[in-house]
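See structure below.
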Amino acid sequence: MITLEVFLTIGALLFVFGILAVVTKRNAIGVLMGVELILNAANVNFIAFSFFTDTGIDGIMIALFIFVIAVAEAAVALAIVLNIFRNMQTINVDEIDSLKK
Amino acid sequence: MIQAEYYNIFVKIIDQLAVLDFLPPVWKFILASVIAALVFFHVIAIFALVAIWVERKVAGHIQDRLGPMETGWHGVLQTLADAIKLLIKEDIIAGGIDRRLFVLAPVIVFMTALAVFVVFPVGENFIVSDLNIGILYIVAISTLVVPGIIMAGWSSNNKWSLFGAMRSAAQIVSYEVPVGLAIVCAVMAAGSLSMQTIVESQAGGFWNWFIFSKFPFGFIAFFIYFVASLAEINRTPFDLPEAESEIVAGYMTEYSGMRWSFFFLAEYGNMLAVGAIATTLFLGGWQTPISLLSFIPGPVWFTAKTMFLVFVHIWLRWTLPRLRVDQLMYMCWKVLTPFAFVSIFGIGLWMTF
Amino acid sequence: MALLYLAIVIWLLPLFAFVVQIFFGNRLPRKGDWLVVGAMFIDLILALIIFANILIQYDPGYRVTLHFDWIVLGTQNFPLGFALDNVTAVMLVVVTAVSALVFLYSIGYMKGDPRYSRYFAYLSFFAFSMLGLILFDNLLGIYMCWELVGLSSYLLIGFWFEKDSASNAGKKAFITNRVGDFGMFVGMLIVFYVTGTFSLDGIEASVVSGNFSGSILTAAGILLFVGAVGKSAQFPLHVWLPDAMEGPTPVSALIHAATMVVAGVYLVVRIFFMLTPDSMLVIAYIGGFTALFAATIALVQNDIKRVLAYSTISQIGYMILALGTGAYAAGLFHLMTHAFFKALLFLGSGSVIHAVEHAFRSGKIDADPQDMNNMGGLRRKMPVTFWTFIIATVAISGVPFTSGFLSKDAILAGTLSFAGTHPQHFLLPFFGFLAAGLTAFYMFRLVFKTFFGEFSISKAWGYVHESALTMTIPLVVLSILCFFVFYSYSPVSPDEGWFYHLIEKPEQAAVANAGSAMLTTGGEEGEHDSSHSYALIMSLIIAFTGIIISYKTYYSGKISAVEWGNMYPRLYRCMFNKWYVDEFYSATIIRFTLGWSAFCGWFDDNIIDRVVNRTARVTVVISWFNGKFDNIIVDGLVNGIANTTQLLGWFTRQVQTGKIQQYLVGLLIALVLIIILRTM
Amino acid sequence: MIGKDIIFIIFAVITVGSAALVVFSKKIIYAAFSLMLSLFGVAALFVFLNADFLAAVQVIVYVGGILVLILFGVLLTVKISSDNVISHLSQRIWGSIAAVGMFVLIFIAITRTNWTILDKSEDVVYYPQSEAIGIQLLTNYILPFEVASILLLAALIGAMFLVRPENK
C-alpha cells in the first residue's frame with residue numbers, strides 16, 4: 001500500500017487542488033492557500049523520491065529549502081495583500097484588474 | 001511501525017499481558033496509545049484539581065487571608081465541588097456563533113496540552129515514546145494551540161473574544177522565538193533532540209545540570225525559557241489575552257460549563273508541561289542532585305522538580321502585576337531574544353573549546 | 001602549552017576591556033580608566049609569569065604552537081595559529097610593560113579630557129591588536145592585526161580631531177601606511193601563490209625544501225619588507241611619523257616609539273628565515289640610510305617631540321640595519337632596550353610639555369609649549385623628570401653601563417664585522433657610526449636646551465611644577481630599566497646575558513641555498529672576533545665626541561650653533577626642512593595626481609563636450625531631412641497599417657481582462673493541450 | 001502489515017480531503033482551518049517516509065508560522081460575516097477542466113513510468129535524520145543555506161516595508 005505511486009498520486013491531488021484554489025478563489029488569501037498546497041505537493045514528491053529511490057538525503061534538503069521559500073513567500077504575499085486591502089478596500093481578485101490598463 | 005523501535009512503556013506492559021496475545025502488534029500498539037492518553041488525561045485532571053486548591057490557598061496566604069475553608073478540611077474538596085458544578089451546568093451556545101468551530105476549538109486546545117506528554121521522560125524507564133526528535137515534537141505540537149485559540153476567538157462572534165485571540169496568538173507566536181532559542185541552548189549542550197538523551201547527559205550530580213554546568217549561559221537560557229514559557233501559556237504577569245479588566249475573559253468569554261473547563265484544564269496541563277520541559281532541559285530531569293540521594297527513584301525527583309516550578313508559577317501570579325502590550329513585546333524582542341542569542345553563542349563557544 | 005593559553009588570555013584581556021569600555025565606559029566609575037589600566041597590569045603580570053618560565057627553561061629552541069581551522073572554503077583551508085617562542089615572550093613583556101606604564105601615565109596626562117573614556121578604549125584596542133600581531137604565527141593573522149594596529153594608530157593620532165593638523169596627520173599616517181601595506185599584501189599573495197599557505201612554518205618548509213627560492217623569494221621578501229618600511233617609518237615612507245606627534249604624548253610614547261613602529265622590525269624578524277642575500281642587502285641599506293638620514297634632521301629641529309620622532313626613525317633604522325647585516329639578536333636586543341628608553345624619553349617630554357603648557361596657560365602666554373626655544377632651566381622645578389630624562393639620554397647616546405650601550409654596540413660590531421667580510425659594503429658601518437655620533441649630539445642638545453640655562457619666559461616660571469605621581473612613577477620604573485644589569489652581567493658585552501642565550505638566529509635556508517659565501521659569516525659570529533673590541537672603542541669615542549660638542553655648543557656656548565648654520569646655509573636649510581621629502585612628495589606625487597585630475601577635467605570640458613556638441617548639431621540637420629521623409633512617406637504607410645492593427649487589436653483586446661486567474665486558466669489549458677499534442 | 005496501511009489511508013484521506021475542502025468551502029475561515037488539517041496530514045505522511053524531523057519542521061513552519069499568518073490576514077481583511085468566496089461559474093468550469101486535465105496527465109505519467117525503487121522490505125532500519133541534515137546543511141548545502149538566510153532577511157524587510165503606515 002505504501003508505495004511511491006501512491007505518494008505521487010497524493011502529491012498530484014494536492015497539486016491539482018492547489019491549482020483549483022488558485023484559479024477559482026475570489027479572495028486573495030484563498031489564492032495564497034492554493035499556493036501553499038502546491039508547495040506541499042512538491043514537498044511530498046521530493047520526500048517520496050528521497051525515500052524510495054537512491055537519491056539519499058537530497059530530497060529532504062530541498063524540502064527544507066522549500067519551507068524557507070514558503071515562509072518568505074507567505075510573509076511577502078500577506079504584506080502585499082494587506083497593502084492592497086488598504087489601498088483598494090478589497091482583496092477580491094475579480095476587482096483587482098489594474099493589469100488591464 | 002516506526003515507533004516499534006522506540007522504547008514504549010505502555011507497549012511493554014501490554015506485551016507482557018498473556019490475555020491479550022490474540023491481538024496483532026499494531027492493535028496492541030493502538031491499545032497502548034489509548035491507555036497512555038487516558039492516563040495522562042487523568043494526570044492533568046487530578047493535577048488541576050490539586051493545583052487549583054493549592055493556588056487558592058497560596059493566593060490566600062500571600063494576601064494574608066485563609067482562602068477556601070468551608071468544603072472539607074481546609075477546603076480541600078472545594079475544587080471537586082466546583083468541578084461537579086461545571087460538569088452539570090447548562091451547555092450554552094449563544095446565537096450568531098459559528099457552531100462547528102466553537103465546538104472544535106476547546107478540543108484542539110486541550111489536545112495540544114495532552115499530546116506533549118508523550119515524550120516526557122518521567123523516569124529512567126518511564127516514557128511513553130522516546131522520539132529521536134523529542135523536543136522538536138514538543139515545539140511542533142505546542143504551536144498547534146494558536147489556530148485553536150484563533151478558532152475560539154473568531155467563532156465566538158464577539159469582539160472581546162477576537163481581541164483576546166489576536167493578542168494571545170501574537171503573544172504566543174512572538175514568545176516562541178525566545179523559547180525556541182533557549183531550547184536550542186539545551187539541545188546544543190546535550191547534542192541531541194531526544195528528551196531521554198538530554199536527561200542522561202546531565203547525569204552525575206546537580207553541577208552537571210545545564211542550569212549550572214554551562215554557567216552562566218545555562219542559567220541565562222533557563223531563565224529565558226522560564227519567563228518566555230510563562231508568556232506562552234498566558235500566565236501572570238503575561239496574562240493579557242484574558243485580562244478581565246480590559247477585555248472580559250479574552251477568547252474564553254463566550255464559553256461556559258464543560259467547554260470552558262477544557263480550556264481551564266488545558267491551562268493547568270500547560271503549566272505542568274512547561275514545568276516538566278524546564279525540568280528536563282535544565283534541571284536534570286529525573287536525575288538525583290547528589291549521588292547520596294540516589295535511593296529515591298527518578299519519577300519522584302522529576303515530579304518534585306516539576307511541582308517546584310509550578311509552585312513558582314503560582315507564586316509569581318500573586319506577586320507581579322500585569323504587563324502592558326508594548327512592554328510585553330519589548331521584553332520579548334529586545335530583552336529575551338538578544339540574551340538568548342548571547343547564551344547560544346556562549347554555549348557554542350563552550351562546546352567548541 | 002599552558003603558557004600559550006596564558007598568552008592567548010593576555011591577548012584577549014584588552015579586547016574584553018575595550019568592549020566593556022567602548023559601550024559602558026562613560027557609565028563606569030572614574031570613566032573606566034581603572035578597568036583598562038587594571039587589565040593591562042594583569043597582562044603585565046601574566047607576561048612576566050610566561051617570561052619567568054622561559055627563563056627557567058632557558059632553552060633557545062623553545063617553541064609551542066596552536067593551530068586551528070579558521071575558514072574552510074571548499075577544499076581551500078585557511079588555518080590560523082598562535083606560536084610562543086622566546087622572541088614572542090620577550091616581545092610580550094616589552095609590549096605589556098611599556099603599555100602598562102604608559103596607561104598609568106595616561107591617567108594623569110589625559111585628566112579632564114572630554115573623551116577620556118574613549119581614549120582608554122582605543123588604547124586597550126591598540127594593545128589587543130599589537131599583542132595579536134606578536135602572537136600569530138601566520139602571515140594572514142599578522143596582516144589582520146597589522147591593519148588593526150594601523151587603525152588604532154589612526155584613531156589615536158587623530159584623537160583630538162578638532163585640530164586640523166591632528167586629523168590631517170591621522171590621514172597621512174593611514175595613507176602612507178597603506179602604500180607599505182599594499183607592498184606587504186602583494187608579498188603575501190606571492191607567498192601564497194608559491195607555497196599555498198600563509199603559515200610561517202609552512203613557508204619555512206617550502207623555503208628549506210627549495211621549492212620557494214630564487215628571484216621570486218627575493219621579491220616576496222622585499223615586498224613584505226615594504227610593509228615594514230611603512231609601519232616602521234623607514235625612508236622613504238617615514239614622513240608620517242613626525243606628523244603623528246599631533247596625537248597625545250603617551251600615544252607617541254607607546255605607539256610611535258616603543259611598540260607599533262617596531263612591528264616592522266618584528267615582521268622582518270619573523271620572516272628572517274626566508275630572506276635571500278639580495279633582500280638582506282636592500283634591508284641593510286634602507287636601514288642604515290634611514291638611521292643617518294633621520295639623525296641629520298633631528299639635529300636642527302626645535303619641536304621637542306619632533307626631535308624624538310626623528311630619533312625614533314633613526315633608531316629603528318639601526319634595528320633594520322642590524323637585521324639586514326645578519327646581526328639578528330643585536331637588532332632584536334636594540335628593539336627591546338630602545339622600547340624602554342624611548343618610551344621614557346617620550347613620557348619625560350610629555351611631562352615637560354604638560355608642565356610648560358600648564359605654565360603658559362596659567363600665565364596667559366601664547367607660545368608653543370613644544371618648542372625647545374621656549375624652555376630652559378627646568379631641572380630645578382622638575383627633578384624627577386630631569387633625572388629620568390638624563391638616564392634615558394645617556395642610554396640612547398650609548399654611554400657605558402646603560403642598556404643602550406650594550407645594544408648599539410652590538411649592532412655596530414655586527415655591521416663592522418659584516419663590512420670586514422664584505423669590504424665593498426663599507427658604507428654600512430659608516431652610516432652606523434656617524435648616526436651614533438649625531439644621536440649623542442642631538443640628544444644632549446635637547447637636554448641642554450630644555451633642562452639647563454634659564455627659562456625663556458620668566459613670567460610663567462612660577463607656574464612650572466613637577467607632574468603628578470601617576471606620571472612620575474612610570475618615569476622612574478622605566479629609568480631603572482635603562483641600566484645594563486637587567487640584560488647582561490657584563491657592562492661591555494651582551495654576550496653574557498640571558499638574551500643572547502635565548503635568542504637564536506634562525507636557519508637561513510635561502511642564503512644557504514644561494515650557494516654564496518656572502519652574508520653567511522656576518523653578524524653574530526663576527527661579534528666574537530676583534531671587530532667587537534674595535535666597535536666598542538670607536539663607538540665610545542664617537543659618543544663622547546658627540547656629547548662634548550653638544551656641551552660646548554649648547555651649554556658652555558664655546559661654539560655657536562648659529563655660526564655653524566651660517567657657515568653651511570644650504571645644508572642647514574636642507575636639514576631643517578627635513579631634506580624636503582614632504583615637499584618632494586607634494587611636488588611629485590600629489591602634484592601629479594592633482595594635475596592629472598585637472599587635465600581630465602579640462603579634457604572633459606573642452607574636448608569631449610565639443611565633440612558632443614558638434615555631433616548634436618549634425619544630428620539636428622540630419623533629423624530635419626529625416627522628419628520630412630517621415631511625415632510624407634512613412635506616415636502614410638504607417639497610418640494604413642495602424643488602422644488595420646487597431647481593428648485587429650479591438651478583437652484581441654477582449655481577451656485581456658486584467659484578471660490573473662483567467663490568464664492562469666488559459667495557460668494551464670494550453671499546457672495540457674501542448675502535452676497531449678506532443679505525446680500523441 | 002494491515003494496521004500500518006489503515007493508519008496511512010486515514011491520514012492520506014485526511015490530507016486530500018481537507019485539501020478539497022480548502023477549495024470548495026464557502027467561508028474563507030473554513031478554508032484556512034481545512035488547510036491546517038491538510039498541512040498536518042502532510043506532516044503525518046512525512047513520518048511514513050522516515051522524515052520525522054521534517055514532519056516536526058512542517059508542523060512548526062506551516063501550522064505555527066504560515067497558517068497563523070494566513071489567519072491573521074483573514075481576520076484583518078474580512079468581516080466576520082464574510083461573503084461568498086467562490087468566483088464566477090465560467091471561471092470555475094474552465095478551471096476545473098484545466099485541473100482535471102493536469103491531474104489526468106500527471107496520473108498517466110505516474111503509472112506509465114518505470115520507477116527504479118530501492119528495496120523496501122518490512123524491516124527497514126530507521127535512523128535519526130537530524131544529524132545528517134545538520135551535516136549536509138553545513139557542508140554541501142552551505143551556499144543554499146546562506147542564500148536562504150539572506151532571502152528570509154530580504155523577505156522580512158520587504159514585508160515590513162510593505163505594511164508600514166503611509167503617513168510618516
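The figures that follow rest on heavy atoms only: side chains count, while hydrogens, waters and symmetry mates do not. Letters go in sequence order (proteins before strands), and every chain restarts at 1.
- Considering all non-hydrogen atoms of both residues, D:Ile60 and B:Thr143 come closest at CA-OG1, 4.3 Å.
- Of the atoms belonging to D:Phe53, heavy atoms from both backbone and side chain fall under 4.5 Å from chain B.
- What you find for D:Phe33 and B:Pro147 is that their closest heavy atoms are CE2-O, 3.5 Å.
- Taking 4.5 Å as the limit, some side-chain heavy atom of B:Asp98 sits within range of a side-chain heavy atom of D:Tyr30.
- By the neighbour-count criterion of 12 heavy atoms within 6.0 Å, atom CZ of D:Phe11 is sparsely surrounded, having that number or fewer from other residues, nucleotides or ligands.
- Distance check, rounded to the nearest 0.5 Å: CH2 of B:Trp154 to CG of D:Leu75 gives 8.5 Å.
- Taken from CG in D:Asp52 to CG in B:Asn132, the straight-line distance is 4.5 Å, to the nearest 0.5 Å.
- Contact record, B:Ala140 with D:Ala56: CB-O, 3.6 Å, taken as the closest heavy-atom pair.
- Taking 4.5 Å as the heavy-atom cut-off, none of the residues of residues 141-149 of chain D approach chain B.
- Within the 4.5 Å cutoff, no side-chain heavy atoms of D:Val59 are placed close to those of B:Ile141.
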Quiz: residues 191-201 of chain B side-chain donor-acceptor pairs under 3.5 angstrom, not counting sequence neighbours:
{"residue": "B:Ser192", "atom": "OG", "partner": "B:Ser194", "partner atom": "N", "Å": "2.9"}
{"residue": "B:Ser194", "atom": "OG", "partner": "B:Asp130", "partner atom": "OD1", "Å": "3.0"}
{"residue": "B:Ser194", "atom": "OG", "partner": "B:Asp130", "partner atom": "OD2", "Å": "3.4"}
{"residue": "B:Ser194", "atom": "OG", "partner": "B:Gln196", "partner atom": "N", "Å": "3.4"}
{"residue": "B:Ser194", "atom": "OG", "partner": "B:Thr197", "partner atom": "N", "Å": "3.3"}
{"residue": "B:Ser194", "atom": "OG", "partner": "B:Thr197", "partner atom": "OG1", "Å": "3.0"}
{"residue": "B:Gln196", "atom": "OE1", "partner": "B:Trp286", "partner atom": "NE1", "Å": "3.0"}
{"residue": "B:Ser201", "atom": "OG", "partner": "B:Thr197", "partner atom": "O", "Å": "3.3"}
{"residue": "B:Ser201", "atom": "OG", "partner": "B:Ile198", "partner atom": "O", "Å": "2.8"}

Give every donor-acceptor pair under 3.5 Å between a side-chain atom in residues 99-115 of chain D and any protein atom, sequence neighbours left out.
{"residue": "D:Thr111", "atom": "OG1", "partner": "D:Phe107", "partner atom": "O", "Å": "2.9"}
{"residue": "D:Thr111", "atom": "OG1", "partner": "D:Ile108", "partner atom": "O", "Å": "3.1"}
{"residue": "D:Thr113", "atom": "OG1", "partner": "D:Ala109", "partner atom": "O", "Å": "2.4"}
{"residue": "D:Trp115", "atom": "NE1", "partner": "D:Ile110", "partner atom": "O", "Å": "3.2"}

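- For B:Val173, the part sitting under 4.5 Å from any heavy atom of chain D is the side chain, from C-beta outward, and nothing else.
- Heavy-atom neighbours of D:Phe40 CZ from other residues, nucleotides or ligands within 6.0 Å: at or below the threshold of 12.
- Within the 4.5 Å cutoff, no side-chain heavy atoms of D:Leu71 are placed close to those of B:Val146.
- For B:Ile108, the side-chain contact (heavy atoms from CB on, under 4.5 Å) test picks out B:Leu104, B:Met151, D:Met36, with sequence neighbours left out.
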